[in-house]
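Convention: sequence-line order gives letters A, B, ...; per-chain numbering from 1.
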Amino acid sequence: MASVTLKEVKKSYGDISVIHDVDLIINDGEFVVFVGPSGCGKSTLLRMIAGLEDITGGDIDIANERVNDVAPSKRGVAMVFQTYALYPHMTVYNNMAFGLKQTKLPSWEIDSRVRAAAEVLHITEYLSRTPKALSGGQRQRVAIGRAIVREPEVFLFDEPLSNLDAALRVKTRLEIARLHQRLGTTMIYVTHDQVEAMTLADKIVVLRDGRIEQVGSPIELYEHPRNTFVAQFIGSPKMNFLDHSDLSPAAAKALKIDPKAGIVGIRPEHLQSTTVAKALISASLELVENLGEYALVHMVTEVGRELIVKMERPPKAVAGDLIHLTADAGTIHCFNSETGLRKQPTSRKNSKK
Amino acid sequence: MSVVGQSTKFSTVALPVLAWLVALVFFFPIFWMMLTSFKTDADAVKPEFLFIFKPTLENYINMTENYDYWRFAVNSVITTVFATAFSLFVGVSSAYAMAFNPGRHTKDILMWMLSTKMLPAAAVLYPMTFLTKSFLNLFDTHFLIILVLSLINLPIVIWMLFTYFKEIPKEIIEAGKMDGCSVWGEIKDIVLPLAWGGLASTALLCFIFCWNEAYWTVRLTTTDAATLSKLIEGNRAPEGLFFGRLSAVSTAAVGPIVVLGWFCQKQLVRGLTFGAVK
Ligand SMILES: Nc1ncnc2c1ncn2[C@@H]1O[C@H](COP(=O)(O)OP(=O)(O)O)[C@@H](O)[C@H]1O
Ligand SMILES: [Mg+2]
């Protein structure tokens with residue numbers, strides 16, 4: 001087990017800079033998820049930790065040792081690739097044993113490690129098959145098995161679930177969470193899917209254009225997004241943004257909304273219908289998506305802004321009807337309209353951890 | 001008649017017939033050469049003996065007894081085998097580097113290598129002869145022929161291997177790096193097993209090219225390192241046109257490579273159409 005520290009890490013390809021001064025501390029045993037839109041540099045950052053990409057500037061430490069110039073296999077890390085990257089010409093057994101065979105490990109030890117990992121991942125019966133004869137989910141397990149047998153200090157996952165179907169994705173996600181619970185090893189996991197990030201992470205790192213936007217626990221990011229980008233990236237459906245001028249002045253005052261906040265954000269699950277008198281904002285109903293457990297109600301405000309409200313039951317209204325909405329003071333987020341930064345320093349709770 | 005019926009008839013009858021016809025047209029000169037090799041020099045030029053003649057082994061006996069066929073054959077085998085092995089060794093190393101660790105100028109290097117094939121061989125005939133004869137003292141040595149054969153085939157060998165290696169996903173190589181493979185281990189345990197078909201067709205093609213090479217092997221040898229190409233050449237020039245003997249020599253020279261190609265044709269076709277089929 002080991003901690004990982006990034007100090008002013010930079011990466012550029014020729015003149016194109018893709019990672020800008022990333023500082024990050026990953027504690028021993030932590031499950032850290034890098035999340036961000038496609039192309040923001042998640043994989044690049046992970047591959048720099050793995051040793052597959054040169055580090056243009058800054059330092060990476062693993063277990064308090066600078067590893068900038070250490071070979072990938074000597075860093076005590078194991079990686080699960082998005083495409084699995086299994087050796088097509090080797091059996092499942094040899095795929096898992098291959099890395100161990102490069103070390104001085106005795107063969108009985110290799111054998112027992114491979115079999116133990118296969119047992120855990122329920123792939124024992126496929127050990128003599130080649131990857132071609134396996135389903136996507138089984139290949140994924142082999143890829144994870146290949147990482148486990150090396151007993152690394154840090155696991156690296158690059159979008160490991162993106163090639164699986166929805167049902168299998170949920171199942172495998174759970175298994176990865178269990179694996180972390182059982183091994184307690186530091187894990188760094190890359191995804192563009194905020195649901196994966198929220199469910200798996202101890203600590204989420206939100207990236208955009210090669211910069212860290214915010215670092216924090218899932219609940220911190222959900223409750224106190226540092227800026228509009230994080231606010232909309234975390235949570236589904238994403239946060240509604242309103243202009244302060246859209247709001248009813250009396251209600252805004254009553255809810256103590258900062259009058260200087262340009263952008264007011266309220267999550268769909270925090271908007272609730274109310275009476276005309278108490279309405280913070282009113283919008284006409286456009287469409288209802290009924291998912292049984294809850295309904296997503298799409299509305300349009302007077303000035304043409306789209307709103308989504310998550311309701312327990314679909315409203316008894318037809319398209320075009322005006323619905324009056326409000327929210328609890330503690331669930332309303334205010335942002336500066338120029339910088340996009342959060343306006344309220346914090347709400348009641350202190351978010352420092 | 002239905003369209004399906006027509007197309008089936010076409011593909012089951014007409015296509016094979018056409019294929020055989022084309023094959024026959026291509027094969028006829030070789031067949032003719034083989035027939036001629038069993039005729040006396042006198043019969044060989046007479047049109048009435050084209051198919052019906054009295055076969056004789058005289059040419060072959062003459063060739064092995066008086067013209068030292070085996071020495072030329074051994075030279076051909078030595079130079080071809082070593083040149084192919086050396087080309088593959090250099091080719092695999094270079095193609096590995098260019099396919100998996102491309103630099104900024106990798107594309108330029110590939111183009112440059114190909115451009116060397118555009119230089120007419122005759123243009124460097126004098127410098128080559130002069131250099132090897134009076135300067136390096138390598139004229140008519142196996143070493144020189146192996147070197148020359150390797151050099152003229154390397155661009156093609158590297159290009160072919162490069163394209164086959166390119167088909168291997170980069171992540172698999174990276175997985176090997178994570179697993180602690182050395183560069184040699186990566187080549188031996190991952191790249192070559194995965195590009196096996198491509199390697200075999202490259203080797204085969206290189207072998208054929210080396211075996212058939214005539215321009216340099218004829219001009220840079222006299223006796224010691226002379227190959228079968230030189231033997232054919234020698235039987236053409238000094239004693240006029242003895243078609244029977246020439247045909248026997250040629251048949252014996254191309255025979256091994258034709259047999260080799262025959263056995264490996266499946267491999268060769270698969271290797272050469274790899275990209276298209278995949
Ligand atoms: N080899 C490369 N050469 C040039 N640019 C690259 C290279 N690899 C990645 N990039 C660029 O770096 C950025 C980050 O890529 P990546 O880390 O793969 O994003 P993500 O994994 O977040 O989708 C992208 O804009 C991509 O175009
Ligand atoms: Mg990526």
Student: Does the Lys NZ or Arg CZ of B:K166 fall within the cation-pi geometry relative to B:Y164 - under 6.0 Å from the ring centre and within 45° of the axis?
Tutor: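 No, a cation-pi geometry is absent between B:K166 and B:Y164.
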Student: Hey, can you tell me if A:F155 and A:F157 have their rings parallel, tilted or perpendicular (30° and 60° cut-offs)?
Tutor: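 Correct class here is parallel.
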Student: Would you mind checking which part of A:R75 comes under 4.5 Å of any heavy atom in chain B, side chain (CB onward), backbone (N, CA, C, O), both or neither?
Tutor: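 A:R75 has no heavy atom closer than 4.5 Å to chain B.
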Student: Is A:L86 close to chain B through its backbone or its side chain, or both, or neither, when contacts mean heavy atoms under 4.5 Å?
Tutor: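 Contact with chain B: backbone only.
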Student: Measure up the A:Y189 and A:F31 rings against each other and bin them: parallel (under 30°), tilted (30 to 60°), perpendicular (over 60°).
Tutor: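 If you compare the ring of A:Y189 with that of A:F31, the planes turn out tilted.
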Student: With only heavy atoms counted, which part of A:A71 is less than 4.5 Å from chain B, the side chain, the backbone, both or neither?
Tutor: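 Neither the backbone nor the side chain of A:A71 comes within 4.5 Å of chain B.
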Student: Using a cut-off of under 4.5 Å on heavy-atom pairs, state which of B:R104, B:E171, B:K170 scores highest against chain A.
Tutor: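 Between B:R104, B:E171, B:K170, the count favours B:E171.
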Student: Are A:R146 and A:Y87 in a cation-pi contact, defined as NZ or CZ under 6.0 Å from the six-membered ring centre and within 45° of the axis?
Tutor: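 Here A:R146 passes the 6.0 Å and 45° test against A:Y87.
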